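Side chains are part of it too, since the values below use all heavy atoms of this structure and drop only hydrogens, waters and symmetry mates. These numbers were taken from a predicted model, which means no experiment stands behind them.
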Amino acid sequence: MNIGQLIEDLHCYGWPQSRMLTEQERCDIVEFSITFEECSYERGDLEGMDDKDLVQVSYWIMAEYASGQI
């Protein structure tokens with residue numbers, strides 16, 4: 001599963017109660033998110049978010065990008 005799919009799955013299909021992001025997943029999500037022009041967050045801001053907030057923000061960054069592609 002690629003990182004975009006992971007973000008979408010966790011955001012749209014529910015966050016399993018015991019699920020925590022691994023350090024690698026967090027790093028990948030931050031790296032993925034800052035590549036989008038639509039991302040208005042600094043790396044440190046994203047790194048400081050808890051897991052659920054990071055996934056939510058990253059999902060909306062992807063959604064903003066996708067809405068501009070239509």
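Using a 30° and 60° split on the angle between ring planes, W60 and H11 fall in the perpendicular class, above 60°.
The structure places CD1 of I7 at 10.0 Å from CD of E25, a figure rounded to the nearest 0.5 Å. Atom CE of M49 sits about 9.5 Å away from atom CZ of R26, to the nearest 0.5 Å. Interatomic distance, I61 CD1 to E38 CD, rounded to the nearest 0.5 Å: 8.5 Å. Rounding to the nearest 0.5 Å gives a distance of 12.5 Å between CD of E8 and CD1 of I3.
Without hydrogens or angle criteria, D51 side chain to M20 main chain gives no donor-acceptor distance under 3.5 Å.
Inter-residue side-chain proximity for Y41 and I34 is flagged as unmet; no heavy-atom pair is nearer than 4.5 Å. No side-chain heavy atom of E47 sits under 4.5 Å from any side-chain heavy atom of E42. Counting only heavy atoms from C-beta outward, the side chains of L46 and I29 never approach each other to under 4.5 Å. The shortest distance between side-chain heavy atoms of T22 and C27 does not fall below 4.5 Å.
Hydrophobic clustering of Ile, Leu, Val, Met, Phe, Trp and Tyr side chains at less than 4.5 Å, counting indirect connections, unites L54 with W15. By the rule that hydrophobic residues join a cluster once side-chain heavy atoms approach within less than 4.5 Å of another member, L10 and Y65 end up as members of one cluster.
Residues satisfying the ring-ring contact (aromatic ring centres under 6.0 Å, His included) test with F32, not counting sequence neighbours, are F36. Under the rule for a salt bridge (Lys or Arg N to Asp or Glu O under 4.0 Å), D45 has no partner lying at least two apart in sequence or in another chain.
Q24 and D28 share a donor-acceptor pair across their side chains, judged by distance under 3.5 Å alone.
Across all their heavy atoms, S58 and S33 have their closest contact at OG-OG, 2.7 Å.
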